[in-house]
**Student:** 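So that we are looking at the same thing, I have put the structure below in C-alpha cells.
Whatever order the structure lists ligands and atoms in, that order sets their numbers, starting from 1.
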Amino acid sequence: MIWVQLVDYHVHTHLCGHAEGSIEKSVAHAKRKQLSEIGFAGHFPILHLPEDDDRVEEYAMSMEDIPSYLGTIMEVRLEHPEVCVRTGFEVDYVPGCEDRLKEELRQFPLDFVMGSVHFIDDWSFDDPRFKEEYERRSLDQVWTQYFELVWQAARSGLFDVMAHLDLIKKFNHYPRLDLRPIFEETARVLSVHDLVVEVNTAGLTVPAQEIYPSRPLLEACYCHDVPVTLGSDAHHPSEVGRNLRRAVKTVKEVGYDRLAVFQERQREFRFIGR
Ligand code: ZN
Ligand code: FE
Ligand code: FE
Ligand code: ZN
C-alpha cells in the first residue's frame, strides 16, 4: 500500500469512566501504528442527566477532570513532536443544552469538537444494558427520531465533526422504512452547516459489523461534498488506529481523495491519493 498519512480523531482515555489507558500510552500506540495525527475526544461531561444518575460518571469525564485532561495532552504534545496531538471533546448533543454547551466549551483551547447523539430522550440507546428497549419501540420511529437529533445537532453550530453518524444501527435493529430520503437529508444538512463526517471503525467490532456510516450514507455525504475524517473510537490504547487502513480504502472507493484535520477549530486537508 502506498504511504498514507493516517489520522485518528476519536480516542478516549481513562478519564471517561468506561475507558482505559493514559494519554501517554495512546500516543505511544499511535506512533507504533505510524499515525501522523491523534485527536483526543474525551467524553465531555453530561449536562442533561441528574447528577445522581450513575451514567453521568460511567459515560463521561467530570468538569473537575478537564484541567488535567487538557494539561496532560499539552505535555504529551511537547514530548512527542513526531505525532500531531490534537485536543478535542466528544460532546453529547441533547436538545435544550445548546446554550450551556456553548458557554462551557468556549472556555477551553480546543482543536476540534465532535458531536454525538447517544440519547433519545433519556434512553442511551448504544448502551448494551438498555438494548431490550429496541424490542419495545417502533424501529421506524426510533430511526426517525435518531436522525432528527443528528440534524438538530448539525444545525446547532456547536460542532466541527459529527461522530458515528448511524450509531443507531449498533445492535442490528433496522427499520422497514426507506432510509434513502433520511440519508439524503442528513448529508444535505451536514453540507449546509459545513460539518465533517467521521468515518468510525468501531462499528466493525459491534454487532452491526460495519463502519459508521454505512456505505450508502457515506456516498450521500460524498455527493454533497461533506469532508471526512477518521476515528477508531479507541477505549483502550491498543485500539488506537484500529482498522483505519480499511477505512481509508472505503473512503477512497467512495471517491474521497483527502481527509479533514483540525487545528484550533480550523479545518485543513491531508491528501490520501485516489
Ligand atoms: Zn465511550
Ligand atoms: Fe460516541
Ligand atoms: Fe467515543
Ligand atoms: Zn464514539
**Student:** If I consider every N, O or S atom in H43, which one ends up closest to the Zn ion (ligand 1)? I only need its name.
**Tutor:** NE2
**Student:** State whether H235 contributes an N/O/S atom found under 2.8 Å from the Zn ion (ligand 1).
**Tutor:** yes
**Student:** Distance alone, cut at 3.5 Å: any donor-acceptor contact between the side chains of H10 and E90?
**Tutor:** yes
**Student:** Is the gap between the ring centers of F119 and H48 under 6.0 Å?
**Tutor:** yes
**Student:** Any N/O/S atom, backbone or side chain, of H18 lying under 2.8 Å from the Zn ion (ligand 1)?
**Tutor:** yes
**Student:** Could you tell me whether the side chains of S124 and Y59 share a donor-acceptor contact shorter than 3.5 Å?
**Tutor:** yes
**Student:** Rounded to 10°, how big is the angle at the Fe ion (ligand 3) from D233 OD1 to H10 NE2?
**Tutor:** 80°
**Student:** Got L190 and C221 here, is their nearest side-chain heavy-atom distance under 4.5 Å?
**Tutor:** yes
**Student:** Looking at the Fe ion (ligand 2), which N/O/S atom of E90 is the nearest one?
**Tutor:** OE2
**Student:** Only one of L158, L47, V113, I46 passes side chain to side chain contact (heavy atoms under 4.5 Å, CB included) with V91; say which it is.
**Tutor:** V113
**Student:** Checking salt bridge (charged side-chain N to carboxylate O under 4.0 Å, His left out) between R267 and each of D111, D160, D194, which is the one that passes?
**Tutor:** D194
**Student:** Taking 2.8 Å as the cut-off, does an N/O/S atom of C16 lie below it from the Fe ion (ligand 3)?
**Tutor:** no
**Student:** H164: which N/O/S atom is nearest the Fe ion (ligand 2)?
**Tutor:** NE2
**Student:** Please determine whether H118 has a backbone or side-chain N, O or S atom lying under 2.8 Å from the Fe ion (ligand 2).
**Tutor:** yes
